[in-house]
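Just so it is clear, the values below take in all heavy atoms, side chains as well, and ignore hydrogens, waters and symmetry mates.
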Amino acid sequence: MRKARSLVSGAALLLAGAWLSWGCEGGGQKAAEPAPAGAQTTRGAAGAAPIKIGVIATLTGPLSALGEEAMRGVDLAVDEVGAQVAGKKVVVVKQSSDATPNVALEAARKLLDQEKVDFIVGPLSGDEGLALRDLAKSHPERVFINGSAAAQDATLRDAAPNFYRFSTDGAQWMAGLGSYVHKEKGYKRVATLAEDYSFPYTQVGGFMAEFCRAGGRVPKKLWVPLGTKDYSSVISSLPKDIDAIYVALGGADVVNFLKQYEQFGGKAPLIGGSNVVDQVILSTKGALSERIVGTVSGAPTADDNPEEAWQAFVKAYRAKFPEGLAFPSNPAYGYYTNMKAALLALAQVGGDLSNDQAKLKEALSKLEVQSPTGKVRLDKNRNAIANVFLSVVEKKDDGTLFTRLLKVIPEVNQTLGVPEEEYLKLGSFSRDNPSCP
């Protein structure tokens with residue numbers, strides 16, 4: 001693989017508020033304000049009313065730590081422009097979900113109907129993303145921009161023309177991983193363990209599509225509900241004749257499994273889904289640290305990425321959130337990039353949200369974002385084409401865990417380099433698809 005040339009040069013501008021020649025007076029993100037009586041949800045560039053952006057993330061439930069990181073990403077992006085764009089104040093109205101579609105929809109409807117936001121950024125989790133994609137179809141006058149939800153079919157199949165995703169999906173994050181573990185690690189037989197919903201289907205499918213094509217076999221796939229606490233039956237049913245376990249769990253689920261697997265004396269090496277090696281997990285202290293060191297994974301970021309743009313992003317994150325993680329998490333990066341795209345597009349159109357946000361929609365469709373990990377552009381389904389990263393978990397002398405970059409996979413598209421017509425024949429990833437026992 002050639003090293004991605006699209007990782008940004010001159011990246012120090014990223015976090016200096018110099019995306020465009022905007023005025024960036026003022027301080028950080030302003031607190032959410034109620035909509036003035038009779039406020040319109042679409043306004044021309046000459047209007048003095050603030051631009052209200054609704055944000056949804058999982059602030060309760062097993063993925064709540066990821067949701068906290070998501071909001072940090074939003075705050076970073078808004079702070080960079082001084083909470084102003086095109087001469088108008090930017091007001092962020094935050095709503096919590098719990099990783100379930102119904103709660104995400106309830107939050108979105110409250111933002112649209114009660115808070116009168118102009119458009120929405122979010123959600124975080126896969127099933128939520130599918131639900132908001134469908135809600136977008138019933139609100140064609142509004143823009144919906146993804147947060148970090150990474151279920152593949154939110155954009156690949158049955159896409160909504162007003163739903164935009166500047167963060168790559170969970171299958172894209174797996175690009176290169178299946179081949180790497182088969183060839184470099186010598187893993188031929190791998191079991192998988194994942195939560196039973198759309199995002200893990202996407203991750204497992206993306207990993208297996210490449211691993212099976214390389215000659216690997218997956219004799220058993222295990223699925224658990226989101227929020228599972230007892231993994232004893234799962235661990236006892238893992239095959240004995242496997243080289244590794246591919247784990248696609250998130251948040252508290254990862255911690256629960258790893259602790260119990262260690263207690264049961266599990267020895268098989270781990271291959272990490274993106275959430276397994278996220279800083280939300282790597283910041284966990286104790287015996288878990290030793291168990292996860294050496295885990296290879298794929299993700300939209302790598303902690304020790306040497307590129308100047310990423311280093312600037314890490315520095316800004318640490319400065320604003322001294323109580324935060326050692327490195328920005330994947331949700332922080334995803335929400336930051338999607339919010340940045342929203343603010344860039346708003347600047348391009350002078351804050352004009354008239355005519356059912358037509359100018360904003362056009363600007364978003366054509367936008368190229370110089371993100372902390374390189375150039376991001378959209379395909380015809382309004383899904384990101386961007387760099388992804390193979391990495392391995394290592395430990396610093398001070399005990400801090402981080403992901404060390406192994407390889408940049410440049411400009412990964414949603415069909416993983418396969419012609420779209422051929423790729424779609426694989427069908428939607430699910431509990432049973434793909435299969436290579």
Are any of the side-chain heavy atoms of Leu344 and Val369 separated by less than 4.5 Å?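 Yes - at least one pair of side-chain heavy atoms lies under 4.5 Å apart.
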Contact between Asp304 and Glu394 at the side-chain level, heavy atoms closer than 4.5 Å - yes or no?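 No, their side chains stay 4.5 Å or more apart.
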Would Ser237 and Lys220 count as a side chain to side chain contact (heavy atoms under 4.5 Å, CB included) if you check the C-alpha gap in whole Å, the side-chain angles of each, and the deciding distance to 0.1 Å? CA-CA 9 Å; Ser237 65; Lys220 190 154 192 174; 3.9 Å; yes
Once side chain to side chain donor-acceptor pair (under 3.5 Å) is applied, do any residues pair with [X], and if so which ones, sequence neighbours excluded?
X	value
Asp113	none
Thr100	Asp98
Ser138	none

[atom2] on [Y] to [atom1] on [X], rounded to 0.5 Å:
X	Y	atom1	atom2	answer
Leu282	Leu325	CG	CG	9.0 Å
Ser428	Asn433	OG	CG	8.0 Å
Ile120	Arg109	CD1	CZ	10.5 Å
Asp303	Leu401	CG	CG	9.5 Å
Ser97	Asp127	OG	CG	11.5 Å
Thr284	Ile292	OG1	CD1	8.0 Å

For [X] and [Y], which heavy atoms make the closest approach, and how far apart are they?
X	Y	result
Asn338	Ser167	ND2-OG, 3.1 Å
Ala209	Pro434	N-CG, 4.4 Å
Ala154	Arg165	CB-NH1, 3.9 Å
Ala342	Ile145	CB-CD1, 3.5 Å
Val78	Met339	CG2-CG, 4.1 Å
Gln95	Ala107	CB-CB, 3.9 Å

Donor-acceptor contact present, side-chain [X] to main-chain [Y], <3.5 Å:
X	Y	value
Gln357	Asp118	yes
Lys52	Lys116	no
Ser391	Thr403	no
Arg133	Asp158	yes

Side chains of residues 184-196: which donor-acceptor pairs under 3.5 Å do they make with residues two or more places apart or in other chains?
unit_1, atom_1, unit_2, atom_2, d
Lys188, NZ, His182, O, 3.4
Arg189, NE, Asp241, O, 3.1
Arg189, NH2, Asp241, OD2, 3.2
Glu195, OE2, Gly250, N, 3.1
Asp196, OD1, Tyr201, OH, 2.3
Asp196, OD1, Arg431, NE, 3.1
Asp196, OD2, Arg431, NE, 3.1
Asp196, OD2, Arg431, NH2, 3.3

Where at least one partner belongs to residues 254-278, residue pairs that pass ring-ring contact (aromatic ring centres under 6.0 Å, His included), sequence neighbours excluded: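 Applying ring-ring contact (aromatic ring centres under 6.0 Å, His included) to every pair that reaches into residues 254-278, excluding sequence neighbours, yields Tyr231-Phe257, Phe257-Tyr261.
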Using a cut-off of 6.0 Å, state whether more than 12 heavy atoms not belonging to Asp397 lie near its atom CG.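 12 or below, so no.
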When you look at NZ of Lys137, are more than 12 heavy atoms from neighbouring residues, nucleotides or ligands closer to it than 6.0 Å?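 Yes, NZ of Lys137 has more than 12 neighbouring heavy atoms, counting only those of other groups under 6.0 Å.
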Using a 3.5 Å cut-off and no angle test, enumerate the donor-acceptor pairs between side-chain atoms of residues 170-178 and protein atoms at least two apart in sequence or in another chain.
unit_1, atom_1, unit_2, atom_2, d
Gln172, OE1, Asp169, N, 2.8
Gln172, OE1, Asn383, ND2, 3.0
Gln172, NE2, Ala384, O, 3.0
Gln172, NE2, Val412, O, 2.9
Trp173, NE1, Thr168, O, 3.3
Trp173, NE1, Thr168, OG1, 2.7
Trp173, NE1, Asp169, O, 3.4

Pair listing, side-chain hydrogen bond (donor to acceptor under 3.5 Å, both in side chains) test, anchored in residues 321-333, at least two apart: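 The answer is Glu69-Ser329, Asp278-Asn330, Thr301-Asn330, Tyr333-Ser371, Tyr333-Thr373.
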Residue pairs fulfilling side-chain hydrogen bond (donor to acceptor under 3.5 Å, both in side chains) with at least one residue in residues 53-65, sequence neighbours excluded: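 Those involving residues 53-65 do not exist here.
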Run Lys380 and Glu420 through side chain to side chain contact (heavy atoms under 4.5 Å, CB included) and show every step you take. CA-CA 11 Å; Lys380 65 182 181 64; Glu420 183 172 334; 3.3 Å; yes
Applying salt bridge (charged side-chain N to carboxylate O under 4.0 Å, His left out), name anything that partners Lys425, two or more places apart in sequence or on another chain.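 Partners of Lys425 by the salt bridge (charged side-chain N to carboxylate O under 4.0 Å, His left out) criterion come out as none, since no residue qualifies.
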Please evaluate residues Thr228 and Asp253 with respect to the criterion side-chain hydrogen bond (donor to acceptor under 3.5 Å, both in side chains), reporting the C-alpha separation (whole Å), side-chain torsions for both, the decisive distance (0.1 Å), and the verdict. CA-CA 6 Å; Thr228 293; Asp253 291 354; 5.7 Å; no
Residues Ser274 and Gln203: side-chain donor-acceptor under 3.5 angstrom: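 Side-chain D/A pair, Ser274 to Gln203: present.
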According to the salt bridge (charged side-chain N to carboxylate O under 4.0 Å, His left out) rule, which pairs have a member within residues 224-237, sequence neighbours left out?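 Applying salt bridge (charged side-chain N to carboxylate O under 4.0 Å, His left out) to every pair that reaches into residues 224-237, excluding sequence neighbours, yields nothing.
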Between Tyr336 and Glu80, is the side-chain hydrogen bond (donor to acceptor under 3.5 Å, both in side chains) condition met? List the steps. CA-CA 11 Å; Tyr336 169 87; Glu80 285 181 10; 2.9 Å; yes
Glu106/Lys110 ion pair, N-O < 4.0 Å: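 No.
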Is Asp75 paired with Lys94 through a side-chain N to carboxylate O contact shorter than 4.0 Å?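 Result for this pair is yes, salt bridge flagged.
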Within 45° of the six-membered ring axis of Phe402 and under 6.0 Å from that ring's centre, is NZ or CZ of Lys396 located there?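 Lys396 over Phe402 ring: yes.
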Lys/Arg cation over aromatic Phe327: Arg318, 6.0 Å, 45° cone: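 The answer is yes, since Arg318 meets both limits relative to Phe327.
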Can you say whether the rings of Trp310 and Phe313 are parallel (under 30°), tilted (30 to 60°) or perpendicular (over 60°)?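 Taking Phe313 first and then Trp310, their aromatic rings sit tilted (interplane angle of 30° to 60°).
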By ring pair (Phe, Tyr, Trp, His ring centres under 6.0 Å) - contacts of Phe144 (at least two apart):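 Partners of Phe144 under the ring pair (Phe, Tyr, Trp, His ring centres under 6.0 Å) test: none.
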Ring pair (Phe, Tyr, Trp, His ring centres under 6.0 Å) involving Phe321 - partner list, sequence neighbours excluded: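 Partners of Phe321 by the ring pair (Phe, Tyr, Trp, His ring centres under 6.0 Å) criterion, ordered by chain and then number, come out as Tyr317.
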Please assess Leu416 against Glu210 for the test side chain to side chain contact (heavy atoms under 4.5 Å, CB included), listing each intermediate value before the final yes or no. CA-CA 9 Å; Leu416 307 181; Glu210 187 173 305; 5.8 Å; no
List the steps and the verdict of side chain to side chain contact (heavy atoms under 4.5 Å, CB included) for Ile56 and Leu132. CA-CA 10 Å; Ile56 301 171; Leu132 260 66; 4.0 Å; yes
